[in-house]
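Chain letters run A, B, ... following the sequence lines, proteins first and then strands; every chain starts at 1. Note that the structure is predicted; figures quoted are calculated from it, not measured.
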Amino acid sequence: QKEVEQDPGPLSVPEGAIVSLNCTYSNSAFQYFMWYRQYSRKGPELLMYTYSSGNKEDGRFTAQVDKSSKYISLFIRDSQPSDSATYLCAMSAYAGNNRKLIWGLGTSLAVNP
Amino acid sequence: DAGVIQSPRHEVTEMGQEVTLRCKPISGHDYLFWYRQTMMRGLELLIYFNNNVPIDDSGMPEDRFSAKMPNASFSTLKIQPSEPRDSAVYFCASSFADLEQFFGPGTRLTVL
């Protein structure tokens, strides 16, 4: 079993839909949770960054962490064609100079006009 | 800031040849990461450095792969000899104060 599980999709939604992307993990030591967005033929870029449990909102994006269930989610409201990309979750226990991130496979999202 | 710079952007080579990928991290960043990305395996960490010193190379697949960071502004990833299964996109990333990693545009490697 991989440490981080993420459904690769692909996910296809109409413009304006609410999108829910999810990851599950097995390591209870993870404290830091990230969502990266990767456009085609580009490097990943950080979208959202949360510590421990709870919600964080940034514009149309909301990140949720449920440590009791070892489950994290990214919600996209009013989705736009420009949101079409691959979304990768990443996690870390972050101790000392350990900067290793554990990555999900990524979910490919297409938002259709 | 120019961001993380990688070269070449595309590399096509024949099996058995030596391949050298290059990376210039963002100035002032003290961590540098090398990743490989494929459809089947996703983003895999190969090795990372802190202040030019390798911290974790457990992801380097085998002895054919080697990485160096001779100074704070330059790193190389070398594959010798290359094999078709090494075909992938190789990313370099750098970071400074926290966990956020800044990725370069990647090098698309094809080994025939």
Side-chain angles (χ1 to χ4, degrees), chain A residues 1-10 21-25 27 29-52 56 58 63 65 72 85-109, chain B residues 1-10 21 23-26 29-60 88-110:
Chain A
Q1 181 189 8
K2 291 172 72 77
E3 276 192 285
V4 178
E5 300 278 0
Q6 183 176 11
D7 185 341
L21 304 167
N22 312 291
C23 289
T24 59
Y25 62 96
N27 188 345
F30 289 150
Q31 296 277 7
Y32 298 83
F33 304 91
M34 301 169 155
W35 287 96
Y36 279 75
R37 178 174 60 195
Q38 185 176 20
Y39 290 114
S40 180
R41 297 186 175 269
K42 302 285 188 184
E45 56 180 354
L46 182 66
L47 189 60
M48 300 283 284
Y49 182 167
T50 54
Y51 170 71
S52 196
K56 184 173 183 178
D58 184 0
V65 175
I72 70 169
T86 296
Y87 291 79
L88 301 102
C89 62
M91 312 179 187
S92 173
Y94 194 8
N97 69 347
N98 179 2
R99 298 293 181 92
K100 188 173 182 176
L101 295 179
I102 310 302
W103 296 82
L105 273 180
T107 301
S108 176
L109 171 67
Chain B
D1 197 328
V4 175
I5 298 172
Q6 291 187 247
S7 65
R9 294 293 311 276
H10 302 273
L21 311 181
C23 175
K24 177 178 168 56
I26 293 172
H29 283 193
D30 56 352
Y31 281 83
L32 184 139
F33 305 81
W34 281 103
Y35 288 92
R36 176 173 67 178
Q37 187 176 41
T38 60
M39 290 288 289
M40 289 299 295
R41 300 173 67 92
L43 198 61
E44 299 176 280
L45 177 66
L46 300 176
I47 185 171
Y48 76 96
F49 297 83
N50 177 216
N51 292 322
N52 315 335
V53 176
I55 300 300
D56 185 342
D57 65 354
S58 59
M60 296 286 262
V89 181
Y90 290 81
F91 287 103
C92 176
S94 68
S95 72
F96 175 51
D98 60 17
L99 286 170
E100 180 179 4
Q101 295 179 15
F102 296 81
F103 283 77
T107 296
R108 187 169 296 270
L109 173 65
T110 303

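Heavy-atom distances place both the backbone and the side chain of B:Gln101 under 4.5 Å from chain A. Using a 4.5 Å cut-off between heavy atoms, A:Gln6 makes no contact with chain B at all. Contact annotation for B:Ser58: only side-chain heavy atoms (C-beta onward) come within less than 4.5 Å of a heavy atom of chain A. Proximity to chain A is absent for every atom of B:Phe102, based on heavy atoms less than 4.5 angstrom apart.
Here the straight-line distance linking atom OH of B:Tyr35 with atom CG of A:Leu101 works out to 5.0 Å at 0.5 Å rounding. Taken to the nearest 0.5 Å, the CH2 atom of A:Trp103 stands 9.0 Å off from the CD atom of B:Gln37.
Panel note: side chain A:Tyr94, backbone B:Asp98; no donor-acceptor pair is recorded below 3.5 Å. At least one donor-acceptor pair closer than 3.5 Å links the side chain of A:Arg99 to the backbone N or O of B:Phe96.
In this structure, A:Tyr39 places its OH atom where more than 12 heavy-atom neighbours from other residues, nucleotides or ligands lie under 6.0 Å away.
Residues meeting the side-chain hydrogen bond (donor to acceptor under 3.5 Å, both in side chains) test with A:Asn27, sequence neighbours left out: A:Glu3. In this structure, A:Trp35 has no side-chain hydrogen bond (donor to acceptor under 3.5 Å, both in side chains) partners at least two apart in sequence or on a different chain.
Here the shortest heavy-atom pairing between B:Arg9 and A:Arg41 reads NH2-O, 4.3 Å. Residues A:Tyr49 and B:Leu99 share a closest heavy-atom pair of OH-CB, 3.6 Å.
Within residues 39-49 of chain B, the residues having any heavy atom less than 4.5 Å from a heavy atom of chain A are, in residue-number order, B:Met40, B:Arg41, B:Gly42, B:Leu43, B:Leu45, B:Tyr48. Residues of residues 85-93 of chain A having a heavy atom under 4.5 Å from any heavy atom of chain B, listed by number: A:Leu88, A:Ser92.
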Would A:Tyr32 and B:Glu100 count as a side-chain contact (heavy atoms from CB on, under 4.5 Å) here? Give the steps.
CA-CA 10 Å; A:Tyr32 298 83; B:Glu100 180 179 4; over 6 Å; no
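In terms of heavy-atom pairs under 4.5 angstrom with chain B, the leader among A:Lys42, A:Gln38, A:Glu45 is A:Gln38.
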